[in-house]
Each structure stands twice: as C-alpha cells, then as structure tokens.
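Right, one structure below, let's go through it.
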Number of protein chains: 2
Amino acid sequence: MLKEERHQLILEKLNTDKKVNLVDISQLLNVSYDSIRRDIIELEDKGLLKKVHGGAIANSYLSMKASKGLGIANSEIMGIAKKAHKLIENHQTIIMDGGTTNFYIAEQLPKNLEATIITNNPHLAISLSEHPKIDVILLGGTFYKRYQISIGIETSTALEHINADLYFMGINSISANNGAAIRNYEESLMKRRMMQSARRTIVGVVEEKINIQETYKVCEFSQISCLISSLSPSDELLKDFHGQGVEIL
Amino acid sequence: MLKEERHQLILEKLNTDKKVNLVDISQLLNVSYDSIRRDIIELEDKGLLKKVHGGAIANSYLSMKASKGLGIANSEIMGIAKKAHKLIENHQTIIMDGGTTNFYIAEQLPKNLEATIITNNPHLAISLSEHPKIDVILLGGTFYKRYQISIGIETSTALEHINADLYFMGINSISANNGAAIRNYEESLMKRRMMQSARRTIVGVVEEKINIQETYKVCEFSQISCLISSLSPSDELLKDFHGQGVEIL
DNA sequence: AAAATTATTGCAAAATATTGCAAAACATTT
DNA sequence: AAATGTTTTGCAATATTTTGCAATAATTTT
C-alpha cells in the first residue's frame, strides 16, 4: 500500500464521516498506528485536515472541494440553502464568506437571479461562473489556505466602501447566550467588518453547530438579523433563540 | 516489449486503479524495476501522472483535461513549466495572472519552494494550497467569468504597492515586431500594470501563439525580459526574436 | 490522582530511489 | 553487412525514505 494511497483513503473517509479515528484507520488499512499518525501530520501540514487528539477532523474547504467533484450535497445543507434563497430578491448586493453552507447557498441560487455577490471565497466565485446573471466581486488579500478564503487589511479596506443588502455569514458555533463564534481570530475580525457593510446579517447553520461555543466570538446573537437551520423554528433545540428580535427560519 | 507499449499499459492501469505500484508492475510486465521506474519518470515529465514513493498515482487535472480532449498540449506546457521553474529562486515574490500555461507553471512548482505568489487567478490560489511553503496573495476586483480572473481598479490599486521579482504574463499572441497582445482590453491594461510592479516580465507561450497577432497590444517584445517556449531557442520559428535583448529559453 | 489512552521521539530494519556504468538492442550510415 | 552512433536496459553500489518498535511524555478519562 502506497503512502499516497493511504492519504487519499484517509481524506475520503474524512469526507464521508467528517472525522477519523487513528486506531480504527490503522486497523482498517492494516498498517501500524505510527504510519497513520505520520500520515495525519503530513496531511495537516498541507492544510487538508485538522489533527485532533485521537484522530483528525475534516476541513471545511476539503469537504467543499470533494463534494463539488462528487456532486453530492448534504440534504441538511440543501434545506438550509432553499430557505436562504427565499430571503434574496432580484438586484440585491450580497456578501458571502467561507464555509460549506455558504458555498451551497451560492451554488444552488436560481439560474435566473440577477444579483451582485461579493465574496472572499474563490471557490464561490468560480462556482458562480455558471450563473450568467450574477456579477461577482472577489475580495483580495492574504489567502488562508486552511480556510480557503482571503483575509487581511486589503480585504477589510475593500469592504469600507460597500453597502450590501445581505451578508451570509458562515460560522462554527452559535448559541443564544454567547452569540456566534468561530475558530480563527483574524477571520472573526473580518466577519465583524462584513457585518458593518451589510444591512442584514444572515446565518445558516447545520444542527451540530447549534448551542456549542467556539473560541472567537463574532457577535451577540441579537445582532444577527436572521438564523436559518434545517430544523423547524419551533424545535426544542431552538427554544432559547426566540424573543431576541432575530428571525428564525 | 516496447517502451511505448509499457507506457500505455501503465496509463491504463492507472486509469482503472488510480494508482500503480512499481514492484507489482515490473513483475506483471516482466521487465526490470529500473525500466518501469524510468517509464514513470518519463510519464511524469509529460504530466501524465504523479510519481510518488513506491509508484505513481493518477493526475486529477489531467483526467479532467483528457476528458475534455485537451490532453495533447499538456506535454508542451509541461516543458515550458520546467524551463520557467529554473528562473525562480527561493524567497522571491512572483506575480502570475491567468491562462493555462501560468496555471501549470504554478501547479508544478517544486513542493519545497519558498516564495510568495501574487495572483488575480483564484484557480491558481486554490491549487497552490498544496504547496505548504508558498504564501499566496489573492488580488481582488471584479471577477471576469470568461477569463476566470479578477480585473479592475481595485486589482490595479493593490499592485501599486507591490515590487515583485518576477511577473509571469500569460498572453494570446506574440511576435517580434508587434509584441505581446491579448483579446481583452481591460486585461491588457491590467497586464501593463503588472509589468510595472515586477523587475522582470517572463512570457511562456505554446507554439501556436507565436507569430500571430491579437487585438490589444500589451507591450513591445523588447520590453519582455524572457520568452519561454517549448522550442529550442535556435528554432527557425524564433529567428526574428533574437537580438532585441530578450532572453530566449 | 490513578488508569487508560494517545502522542512523541529516537532508532534500526526494510523498502525504495538514485546514480553511473557497461552490455544489449536498435537505428543509421557507409 | 560492417561500422557507427543512439537509445534502452539491467546491474551494482549508495543514498534516501518509509516503517514499525520501544521507551517516554502528554493528554484524557475514570
């Protein structure tokens, strides 16, 4: 079994399961624990996954890239995308940043929608090439391989002169008390800047990100205009989120 | 067993299995390990597979290209890329814009090269995620779907503060008398701006672009520092290009 | 805090890669 | 057909990479 072969298999498993266990994989592929451990280190160096105690977890960009190729979209995310599309009207200007959810919201936009999309996510820009009536503005800056978006002073400066209608913000966690938070500091600053440049901030999240808490807080929950999930607004999981003036879809 | 025959078989096996093991193949085809090893090296030089420790794996972009029927130009471009890499030193800052040739020059850069690459081509930024030691700066602006690059005042402004070592300029045509030219006006302005931001401008072209003339002139031939093609510098086709102080590779 | 699991490190064995060289095969010219 | 030059091939010596192991450290769980 070639090393590169193992690498591919690990990444594939990561795509479907979102996480891998070191011991499991080593038994599955019938190689020593150490080899797999070193594989994981190498792959992390390439920014293709995130190493955690006991194994590794998927990187948003990777799942994006993989699902793009495979054309498989998670049905939960598709539901979120559908709801998001209802908030968009013709001729609006929309800011979108990184993350799998945003990628699908963009990719699945109606083909006849006329809009301008501003993004720091090159995958999204490329994908929107298939939408003839959507103008795309790509925000430049230092490209963060791990998150597959550009971040930095340049990105920020460009936003200063923009007044968008909507901002679809991708996040890693949200809770009613602690607001929205993510894993990267620079990115959290960027997101605050983006909020300032749009009238309404909309957050789409998959269930597993609800009621958990990541390191860097972006904003209070009440500062968000609208929260979209795959759940029914009356779902038990969402009960704390009501009553703060945020639309729940 | 002919060499070409072996090459075919290796590529076929690669197509079905996505990977080949050096030892296995050599036993299967009943030739020495060394011959297969050299086959793999040759095929890699043509950009038809990716050599790894112990064997080779299929080349993702190539299968992509092959399915589109574009496979032929590939080995020509690989040759240009190889020549281009010799001009690059560690720790340089390099501007690269759009075009297939530039894409391959970037993608095939040595994995251990330390450099900063500035580009308005998001495909290139994404591809360079696989190069851990290369920093990428993405230039923002209006995204031109047709050419898959960003162009505009913003892009231009960002370049004002940049002094790069090299600029790899993609073009549609070049001739000794009429210089370099392309098909899009906005892009031609952009390229002139990029030339100003780099010490040396390098042009890599496939044979079919030599001695033809496109609509929008970017610069005189003599303003280029170096011209790279797949031909030998002494080739008949290139005879007019000598004597203008431009390095021909 | 102890136990259990997982990580890290250094090391030696195994596998693979590289290089130079000479024989063999092939093609080309006399 | 002989002589010549080129390409291909296999071999051997050497270098590099990968691998598994064992001892030790760090982390998570109990």
Side-chain angles (χ1 to χ4, degrees), chain A residues 1-11 13-14 17-59 146 183 208 212-215, chain B residues 1-11 13-14 17-59 75 78-79 82 85-86 90 108-114 130-133 230 232 234:
Chain A
M1 157 112 35
L2 300 169
K3 191 179 72 161
E4 300 293 330
E5 199 180 342
R6 286 201 315 265
H7 286 195
Q8 290 192 354
L9 289 167
I10 291 170
L11 290 176
K13 190 157 176 58
L14 213 45
D17 300 358
K18 301 295 169 204
K19 58 173 191 276
V20 292
N21 178 297
L22 243 157
V23 179
D24 292 352
I25 289 261
S26 65
Q27 286 170 359
L28 188 73
L29 302 185
N30 211 40
V31 279
S32 80
Y33 170 89
D34 289 83
S35 291
I36 300 295
R37 192 175 58 75
R38 280 182 279 232
D39 289 341
I40 300 266
I41 290 170
E42 260 189 71
L43 291 168
E44 181 173 47
D45 284 344
K46 287 186 187 168
L48 298 171
L49 51 74
K50 185 165 160 45
K51 186 168 169 293
V52 295
H53 195 92
I57 57 175
N59 224 337
R146 180 143 172 196
R183 293 203 194 103
E208 64 173 7
I212 64 165
Q213 197 177 344
E214 275 294 348
T215 321
Chain B
M1 157 113 24
L2 297 164
K3 193 175 71 158
E4 294 299 325
E5 202 177 337
R6 287 201 314 266
H7 286 195
Q8 284 295 337
L9 287 165
I10 292 171
L11 289 176
K13 190 157 177 58
L14 211 48
D17 298 357
K18 302 296 167 204
K19 87 246 159 189
V20 292
N21 180 300
L22 243 157
V23 178
D24 291 353
I25 288 262
S26 66
Q27 285 170 359
L28 188 72
L29 303 185
N30 210 40
V31 277
S32 80
Y33 171 90
D34 290 83
S35 292
I36 299 295
R37 192 174 59 76
R38 280 182 279 234
D39 288 341
I40 300 261
I41 290 170
E42 260 189 69
L43 291 168
E44 180 175 48
D45 283 344
K46 289 186 186 166
L48 299 168
L49 51 74
K50 186 165 157 35
K51 184 169 170 294
V52 297
H53 195 95
I57 56 177
N59 225 338
S75 69
M78 289 306 276
K82 284 263 157 60
H85 294 162
K86 292 193 182 135
N90 256 336
Q108 299 293 321
L109 281 170
K111 277 282 158 78
N112 60 348
L113 179 74
E114 296 179 33
E130 313 280 329
H131 293 253
K133 294 182 176 176
S230 56
S232 149
S234 57

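Numbered from 1 within each chain, the chains take letters A, B, ... in sequence-line order. Every value quoted in this text rests on a predicted model; they were computed, and no experiment measured them.
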query: 5' to 3' on DNA chain D, which nucleotides open and close the contacts with chain B (atom under 4.0 Å from a heavy atom)?
result: dT8(D) to dT18(D)
query: Contacts to DNA chain C from residues 24-45 of chain A, heavy-atom cutoff under 4.0 Å, which residues?
result: Tyr33(A), Asp34(A), Arg37(A)
message: If we check side chain to side chain contact (heavy atoms under 4.5 Å, CB included) with Ile36(A), which of these qualifies: Val23(A), Ile41(A), Leu22(A)?
response: Leu22(A)
task: Grab the NE2-P distance between His53(A) and dA7(C) for me, whole Å please.
output: 5 Å
task: Determine whether Leu49(A) and Val20(A) make a side-chain contact, defined as any pair of heavy atoms from C-beta on separated by less than 4.5 Å.
output: no
- request: Compare every heavy atom of Ala56(A) with every heavy atom of Leu14(A), then report the nearest pair and how far apart it is.
  value: CD1-O, 3.6 Å
task: Quickly work out the Leu2(A) CG to dA15(C) P distance and round it to whole Å.
output: 14 Å
query: Of Lys51(B), Lys82(B), Arg38(B), which meets salt bridge (Lys or Arg N to Asp or Glu O under 4.0 Å) against Asp45(B)?
result: Lys82(B)
message: Applying salt bridge (charged side-chain N to carboxylate O under 4.0 Å, His left out), can you list everything that pairs with Asp24(A), at least two apart in sequence or on another chain?
response: none
query: What's the verdict on side chain to side chain contact (heavy atoms under 4.5 Å, CB included) for Met1(A) and Leu9(A), showing C-alpha distance, side-chain angles and the deciding distance?
result: CA-CA 11 Å; Met1(A) 157 112 35; Leu9(A) 289 167; 4.1 Å; yes
field: Salt bridge Glu42(A)-Lys3(A), side-chain N to carboxylate O under 4.0 Å
entry: yes
- prompt: NZ of Lys3(B) versus C1' of dC26(C): gap in Å, rounded?
  reply: 13 Å
- request: Please determine if a side-chain N or O atom of Lys51(B) lies less than 4.0 Å away from the OP1 or OP2 oxygen of dT18(C).
  value: yes
task: Could you pull out all residues at least two apart from Lys19(B) that satisfy side-chain contact (heavy atoms from CB on, under 4.5 Å)?
output: Leu2(A), Glu5(A), Ile57(B)
field: Angle between terminal axes - the helix from dA1(C)-dT30(D) to dT30(C)-dA1(D), 5 pairs each end, rounded to 10°
entry: 40°
field: Listed partners of Asp17(B) passing side chain to side chain donor-acceptor pair (under 3.5 Å), at least two apart
entry: Lys13(B)
- request: Could you tell me whether Arg183(A) and Glu214(A) have a side-chain N and a carboxylate O separated by less than 4.0 Å?
  value: yes
